[in-house]
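All remarks here apply to the structure that follows.
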Amino acid sequence: MSDAFEPTIIAFCCKYCAYAAADLAGSMRLSYPANIKISQVPCTGRVDIVHLLKAIEDGADGVYVAGCMEGDCHFVSGNLKALKRVTCVKKTLAELGMEPERVEMFNLSSAMGPRFAEIAIEMTDRIRKLGPSPVRRQPQPEAAAE
Amino acid sequence: METSFQPKILAFLCNWCAYAGADLAGVSRLQYPPNIRVIRTMCSGRVDPLFAIRALKEGFDGVFVGGCHIGDCHYQDGNVYTLKRMDMLARLLDISGIGRKRIRLVWASAAEAQPYADSVTDFTASITASGPLDRSRQTLALAGLSRALATPRLRWLVGIDRQVTERSNVYHEKTDTAHFQRVMQEAVETEYHKAMIQEIISQAPANVRELAEKTGLPVYTVSLRLNDLERNAQAELRGHEGRTPRFAAAA
Amino acid sequence: MNLQKTTEKTGSVMVVGAGVAGIQASLDMANAGYFVHLVDNSTSVGGLMAQLDKTFPTNDCAMCVISPFLVEVGRHLNINIISNSEVESLEGQAGAFHATVRNDPRYIDIEKCTACGQCRQICPVTAINEFDCGLDLRKAIYIKYPQAVPLAYAIDRSACIGCGLCEKACLAEAISYADTPRRTVLNVGAVILSMGSSVYDPSGLDTLAYGRHPNIVTSLEFERILSASGPYKGHLMRPYDREIPEKIAWLQCVGSRDINRAGHGYCSSVCCMYAIKQTMIAKEHVSTPLDAAVFYMDMRTYGKDFDKYYTRAKDEKHVRFIRSRIHTIEPLKNGDLNIRYVLESGDVQEETFNMVVLSAGLSPPPSAIALAGRLGIDLNAYHYAQTADIRPVNTSREGIYVCGAFQGPKDIPQSVMEASAAAASATETLADVRWTQTKVRELPAEVDFSGQKPRIGVFVCNCGINIGGVADVPAIREYARSLPHVIHVEDNLFTCSQDTQEKIKQVLVEKGINRVVVASCSPRTHEPLFQETLREAGLNKYLFEMANIRDQNTWVHMASPAKATAKAKDLVRMAVAKAAYIEPLPQVMLDVTNSVLVVGGGVAGMEAALGVARQGYQAWLVERGHQLGGMARQLRSTWQGEPVAPYLSDLIDAVHRHEHIQIFMETQVVHVTGTIGNFTTTLVTQDDEGKEKSTVIPHGAAILATGGHEYAPTEYQYGAHPSVMTHLEFDVAATKQDNRLLSAKLAVFIQCVGSRSAERPYCSRVCCTHSLKSALWLKTINPDVQIFILYRDIRAYGFRESLYQKAREAGVQFIRFESENPPVVSLTPGDPSEPNSSRLSLTVTDHILQRPIILNPDLVVLASAILPNENKKLFEAFKVPANADGFLVEAHAKLRPVDFASEGLFLAGLAHYPKTIDESIAQAKAAVSRTMNIVSKTAIMVGSVIAVVNPERCAVCLTCVRTCPYGIPRIDPEKGHAVIAAVECHGCGVCASECPGKAIALKHFTDEQINAKTDALFQAA
Amino acid sequence: MIVADRKSLSEIQDMVRDCRKILLVGCKGCVTVCNVGGLKEVQVLAATLRIAAKIEGRPLIVEETVLERQCDPEYVEMLKPVVDNFDAVVSMACGVGPQFLSEAYPQQRFFPAVNTTFFGGAVAHGIWEERCAGCGTCIIHYFDGMCPVARCSKSLMNGPCGGSDHGKCEISRNINCIWDMIVRKKTEQGRLNDLLDIVPAKNWQTARDGGPRQSRREELIQNG
Amino acid sequence: MDDLKSGSNLEKVLKAGHFALTGECGPPKGANIAHLKEKFAHLKGVVDAVNLTDNQTAVVRLSSWAASAIMVQDGLEPNFQMVCRDRNRLAMQSDILGAYALGVRNMLCLSGDHQKFGNHPAAKNVYDIDSMQLISLVKKMRDEGRFMNDDVIDTPPRLFIGAAANPFAEPFDFRIYRMTKKIAAGADFIQTQCIYNMDRFRVFMKQAVDMGLTEKCFILAGVTPMKTVGMASYMAKSVPGMEVPESLIKRLKGAEKGKVAEEGIRFCLEQIEEFKTMKGVAGVHLMAIEWEHRVPEIAERAGLLPRPVAP
């Protein structure tokens, strides 16, 4: 098992829906891979293109943004903005020669505990198949950027 | 005599009374049928009901437990616990259809060689009359019994029985014995049913009707017991066949 | 109005019954300056609503909606929850009651118990789980549901055998068997009864075989079956053999509208709606097709958006609605159920269903009836609290008020409205002792850490075995020691327990910790608790970050403890990295103008203005017409026969006389600015010479009660013949003893005129009751008149059903027509010389004979719809939304029925939705209570996770102005950069991410903080 | 305002292919407003370039800064302390930026990260359209506030040409025929005869055709 | 109207009141004048003058004035065209003088298609002056003998000035005014866009007549026979300002295989017949590019031969 590639994936989850669904998955004792690490934001509308690129730059193998169902955003339309930014980052990754599938947007309500687990499993499998992020593949000859 | 059925009987005799009684019977050259095989325990209280079920599973046709009379127990009240356990075991055997006649509890002091011999003779006769235990038909029941007897719930209830009903419960009162007996009976029944269901679904997922057929329980009872198992995360829904959900042991 | 000056009044109130109504009343009063004792005889608050899966008409999950309220009432400084207790007696009089309350033992210390559930797992004794209506079992030691408040277990002494096993398992040492019943005396100024209702037990109706077959369940049991926390985890299965049902039947009016067997003549008001909801939710829960059939007499979907919900179920979800009342259910061997019913065409139908849900009605709980007896308040024939229409929340005993389902069967929005109304009425007489009993949390001054390097304290929690049982907590703690800026680490069994909180406070002070990281459960539930502890240790509450290593780690990676430990370390490292960047955030205090603007001079407006004045605050009442009274001026009597005119004149007189009310007649609102607590409104008054005088009013809150008017029908020859009139015209004619009424031989009432149509797809709620009341009155003054009522559904909900019964007894004939085939009224011209000698003739298809019949009525009364008054400019001035039908849209249909989404603005009366006069009065009082949450305070606290503009970086590019969903940012012409008003910002952070100049930062979620967390995660990986 | 579009990543990468340390300079003026050269876009480009370098295993240091404007010497001056520490400087300002920087720091190499396009305004958030061609002699008042020089593909003075197609310019459905709009507005306002007399040929001297221009405000010029 | 402006054959025919017929010919994408001369041969004696397009649809071809000069040598009267896209006012005036010197007597002033349509989309266009201003320029050179900057011209060019008009392009109501402006600017004759929507053209002509334009200027109706159904639908959809009614396309589709071209010509002949009697129409401009060899047959069947020989 030691050599099998274990991706590290960061998930930006909105406090009112996705984060609550993650908690619900917990209280339902569902299980999903430990590769997913959640960073909470008040609304996916707060996730900026720079935050997503920063994650990729830091070596994230996968990044996804999980927000409310379309039309149910607690702040009216934050999730729609998030989708536009994720799409833009996908284009940038393509330009960089990286697989756009490493970045994704999901929508779910706070009652969808099982769906949250499903997403975690799906993203982990997808990134495992894609392999480690090319950003991390080459050793860094010199000191990393300060 | 040889061709007829020869029952194999396992006996647990407490060291201070029944075992001594048995020796005295030997010294006194009293005669009783040779079908009994004896295991000496320091006290009849040491006999775990699971030993009896294991014996039946392993090939014995009857289990005989001998201990001191109430009040004579070398360890004050070991035999009182045996009494409660054997009563629970008897109830379980009745519910499972095997019948309580497969076990016998006898108090015999170190001096009562003759009563010991007589009870062995009688028990051997009764087992002979009952015929061999058809293990092939009773595998599910036996498996259910051993699972049920291993549950903390039954083992705890049978142990605490005297404490709460005779001495005092945590509220410094005596729990009404009828109430305790109701709790006990309900626990024995449901744990046995749940045990059988667990036995089946641990091998392969099954639906309610299949479980009802295999366990012989009414359909609705199976549904209720399944709910208990699900509540304690021992069973879970595992897919459907058309409109019929299948249940399996929880991962 | 104040009683003997001598007896000193107490500024606290006792609320009996902690269902959704009790909670709303308690929160309203506690936030308006009164200490509340909330007594409930069960082990936790929440009442009936907590058992529901979803709620109509929005299909929101009930628990998601109610749990924030439960947490708020559980933590409120001025609400004392007295669970597991019964009120034994009440002495004294209004303003100074002494209530003796018996606290039954719980055998568990609420402060210590963390509801970790270990005791439940090993308790050997099972008992019927009442919360799941007996569908499954619970243990002798139990908690009603995971989100219960107070979040603590209880021992059911009747089941417990006292074996002591739970004490051995309880790590928090919370079990105390020595508990004994105690009596406490509460000195309160008023009492509110909100004991709610229980679901009717249909086992008495033997032909329905309830209780004899597991697949026949009551509606509440079906709700539990649908619920994810229910016996089958939300999978729809039938109890008997867990098969997924293909066909389910709902039987309406079980235990309601049934005088011969159930003894409940009234309609329970909610069963039609929850049955429709259950059909729709059931269909969503199964992947295989589900045929749902509802057997009913009248489909009573009278509330806001209810009719649309009913049409959606019928047309989109293809639910079958069959107008027939089932007598017998015949269980079959395989668990299915056979039903025989009569179609309208008369032939008998037999159908087999896999499951039958009995839409059981509501009835007052026996304990409530007993309590009412002890308190000496009058009950009506069905043991509900007896109330008058014009004083809907007052009981027969002075100082005791009632709300919710104990006042009468009703749905959640109506209960919540009445709860707020009761809160307003109860505190009216206690205005001068406001804020006398309430406690204020003494907080030490916040220590200023500016300039100091971060000194982070990390507290890792075991949460009993929930975390400690999976992840290696000591290893996590030691790992945290190695992280930058960390100067103190420790781990605890239960970080959230009271004693650990005290210990943490000392450590924070001793070690001069200026940032705190707690690695435990979810911030959604426990952040407020820890933030309060920080605040009590002198730290600003935002110097805090949580790592969720339970719900999002150990609970979901139980099978791989090593990975769970590694992930916990990652999460702690991320939290500590962000902690280094967080700054203290000031709580913005805003002072409040203590007055309320009320727009609209109808009954709702006047009751609201009077309510505010009686609470001791200034009310400005604005009416654009030239006289007060609105639609009520034409109403003759309430449904219980109370005359409206005297009540109206007393009300108008009281409004004119009260010195705290200033009235502006013929005045319109032209401009509104400001936010909650500080509105400024410009009014323009037309004086008689047509000159315009404008006045500027500062006020803290506003109530819109702009009312409605009757729809002028275009159909049924209205206007073409004097004897064709609307309801209000009938009432006016009745008051004048008009000859058209007295001499009428044949009178016909036509229902749903203009309502439930394509243009107005809503039910106007009051017309059925109005027609029944008018018909009965007409019979009294003109006994031999023959009366027909042509209807689509008779929606005389609640106790109004008695009118329907009396009308039938009085010989009124009812003919039902379908919307596609309405009655036709035509005019046969009489002798031309005779003025209006033309005769009316009416043809309608009789629903039983299935053949048209012709009547020649000399009186036709049209039950015409209620429309909202036209107020487009006013609504735009207040920036409040109106729905497609023109009615004002409330913030949340269920739990904030009188609030607008934008804070500080409230609504009442017909402008919200058509309603009877008693419901308007209740909603007006409710709005008053809601304004008191603001106006009764000198200052209010405003959120601090808000967006802030850095002027140097602002390129004034308008991006923020355009993207903010609430239109908050604006460009300040003098300052030359964007400005975001702290009080208005909702804190979503969209502008911060869109700003091209990176000029906007969302406090507590700045770029540095978010990036720090991301960098920390991938640092070590 | 001056509107610009960001150059493609590959184009920018080719410019700085051989550099190990580059400085990105944003501008808080027009390019921030049209979202191509503000501090946020500087950060986006910086992150993207670093990712690209890491993928290729090339060492690359990217520093980020932003000036108030890049069309005033004093602001450009602020780069003085650092400008020489880099192998190249990429300016994200409009075309004026890289040139002012080159004039100020002749020894450093400056690269444009954006393509400056036109003077225009935001018809909607995120959509900018050309409104002025800077011809030096404003004549929009003759055409009811619509400039044919900038907004007619052929800058006709006496349009519309034969190719006007249902209100759209012959060359593209996305471009409105400005002459169609001028004619409609004049007709609605009842001033159609304004269009009847022939507009004489335009004097292009004030436009770019007259050579690079300079604007002088004598009262401001500090002599010496 | 008696003194001739340029003395060109076309001017004389028109002024003599004859029903004029002009043709059109596209110079080659190269210097192969032999092929060009073949085309001329078809048109000799069949038309009064031949338009020579100037880089039509912004596709580079042999220049119009060169082709015109060759045509003059061949004894045919050219109708030299100039677009505003490719030359500024200096180049325009010098080319006008050049053309005149080489014997050209008729000229057509056009705005010209945007270079985006042609084969050099990357080119920089000029549009120093527009077609209207070009007409005034030529008129000034001819009648005032002065350049645009008012300098005197030694032997001013005397050209019969023509302009185009498209009655079918939006905004439709303004089109008549635009033609009025062109006539006011000095246009002596107008050649319209090829006509298919006869109703709209009748309305247009009626307006022209009512406004007395036909007194001041000769209007030639432009026609182009449809060769195939494909050509019809292409013209309808993607040629800007071109309006092809559905009825015509249906009619072409109705024709049996191989007979579509014949049907196109028959439609064209019907048009010409109507134009002959339509008030204000002074002649027909037959644009049969790449179909020059069919022009004699069309002219014959339209009864327009032999061409009148002006004195």
Side-chain angles (χ1 to χ4, degrees), chain A residues 6-8 10-16 19-20 22-52 54-55 57-61 63 73-78 81-82 85 109-111 113 116-117 120 133 135-136, chain C residues 54 60-61 63-64 146-147 228-229 233 466 521-525 546 548 550-560 562-568 570-571 574 578 945 963-966 986-995 998 1002 1004-1005 1007 1010-1011 1013-1019 1021:
Chain A
E6 274 312 331
T8 311
I10 188 164
F12 293 98
C13 295
C14 90
K15 171 179 169 186
Y16 290 89
Y19 197 91
D23 285 351
L24 182 59
S27 47
M28 291 169 78
R29 302 300 190 283
L30 305 176
S31 77
Y32 56 81
N35 310 61
I36 304 296
K37 273 86 179 181
I38 290 167
S39 177
Q40 191 209 46
V41 283
C43 172
T44 48
R46 174 67 190 101
V47 179
D48 189 352
I49 292 171
V50 182
H51 301 150
L52 300 173
K54 228 24 173 139
E57 184 188 334
D58 287 350
D61 300 310
V63 182
C73 170
H74 185 83
F75 297 105
V76 183
S77 57
K81 298 238 163 10
R85 296 182 196 140
S109 86
S110 57
F116 184 87
S133 157
V135 167
R136 266 184 321 107
Chain C
K54 297 287 195 309
D60 297 338
C61 127
M63 197 39 72
C64 299
Q147 303 93 332
S229 62
K233 295 200 167 32
N466 289 303
C521 51
S522 169
R524 283 178 52 255
T525 47
M546 278 183 85
N548 189 339
R550 184 187 73 173
D551 311 42
Q552 293 174 3
N553 185 36
T554 51
W555 272 357
V556 283
H557 310 315
M558 281 179 172
S560 46
K563 283 196 178 144
T565 307
K567 179 169 174 180
D570 288 346
L571 294 174
M574 288 163 79
K578 171 173 179 183
V945 174
T963 49
C964 171
Y966 303 96
H986 290 237
C988 66
V990 165
C991 56
S993 305
E994 292 278 318
C995 172
K998 281 290 171 188
L1002 178 69
H1004 211 55
F1005 290 95
D1007 281 356
I1010 294 176
N1011 287 338
K1013 217 171 213 191
T1014 315
D1015 298 347
L1017 172 60
F1018 297 101
Q1019 215 174 342

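What you are looking at is a predicted structure, and each value in this text was computed from that prediction instead of being measured. All chains are named by letter (A, B, ...) in the order of the sequence lines, taking the proteins before the strands, and each is independently numbered beginning at 1.
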Discussion item. Report which part of C:Thr554 has an atom under 4.5 Å of a heavy atom belonging to chain A: side chain, backbone, both, or neither.
Written reply: neither

Residues 42-52 of chain A side chain polar contacts: donor-acceptor under 3.5 Å, at least two apart:
from: A:Arg46; atom 1: NE; to: C:Phe1005; atom 2: O; distance (Å): 3.0
from: A:Arg46; atom 1: NH1; to: C:Ser993; atom 2: OG; distance (Å): 2.9
from: A:Arg46; atom 1: NH2; to: C:Phe1005; atom 2: O; distance (Å): 3.0
from: A:Arg46; atom 1: NH2; to: C:Asp1007; atom 2: OD1; distance (Å): 2.7
from: A:Asp48; atom 1: OD1; to: A:Val50; atom 2: N; distance (Å): 3.4
from: A:Asp48; atom 1: OD2; to: C:Lys998; atom 2: NZ; distance (Å): 2.4
from: A:His51; atom 1: ND1; to: A:Asp48; atom 2: N; distance (Å): 3.0
from: A:His51; atom 1: NE2; to: C:Asp1007; atom 2: OD1; distance (Å): 2.8

Practice prompt. Please say whether more than 12 non-hydrogen atoms of neighbouring residues, nucleotides or ligands are located less than 6.0 Å from NZ in A:Lys15.
Written response: no

Worksheet item: Counting only N and O atoms by type, is there a donor-acceptor contact under 3.5 Å from the side chain of C:Lys567 to the main-chain atoms of A:Ile36?
Response: yes

Worksheet item: Between A:Ala20 and chain C, which part of the residue has a heavy atom less than 4.5 Å away: side chain, backbone, both or neither?
Response: both

Practice prompt. Rounded to the nearest 0.5 Å, what's the gap from CE on C:Met574 to CD1 on A:Ile10? Could you check?
Written response: 4.5 Å

Worksheet item: Any side-chain heavy-atom pair from A:Tyr32 and C:His557 closer than 4.5 angstrom?
Response: yes

Response to the item:
Turns out that what part of A:Leu30 lies under 4.5 Å from chain C's heavy atoms comes down to backbone

Worksheet item: Hey, are the side chains of C:Val990 and A:Phe75 touching, using non-hydrogen atoms and a 4.5 Å cut-off?
Response: no

Item to complete: Apply the test side chain to side chain contact (heavy atoms under 4.5 Å, CB included) to residues A:Arg136 and C:Phe1018: give CA-CA distance (whole Å), side-chain angles for both, the deciding distance (0.1 Å), then the verdict.
Response: CA-CA 10 Å; A:Arg136 266 184 321 107; C:Phe1018 297 101; 5.8 Å; no

Discussion item. Please tell me whether A:Asp58 and C:Thr1014 have a donor and an acceptor in their side chains that are separated by less than 3.5 angstrom.
Written reply: no

Worksheet item: Roughly how far, to the nearest 0.5 Å, is CD of A:Gln40 from OG of C:Ser522?
Response: 7.5 Å

Worksheet item: Is C:Arg524 paired with A:Asp23 through a side-chain N to carboxylate O contact shorter than 4.0 Å?
Response: yes

Fill in: Distance in Å, A:Lys37 NZ paired with C:Asn553 CG, rounded so as to fall on 0.5 Å steps
9.0 Å

Discussion item. If I measure from the heavy atoms of chain C, does A:Phe12 come under 4.5 Å with its side chain, its backbone, both, or neither?
Written reply: side chain

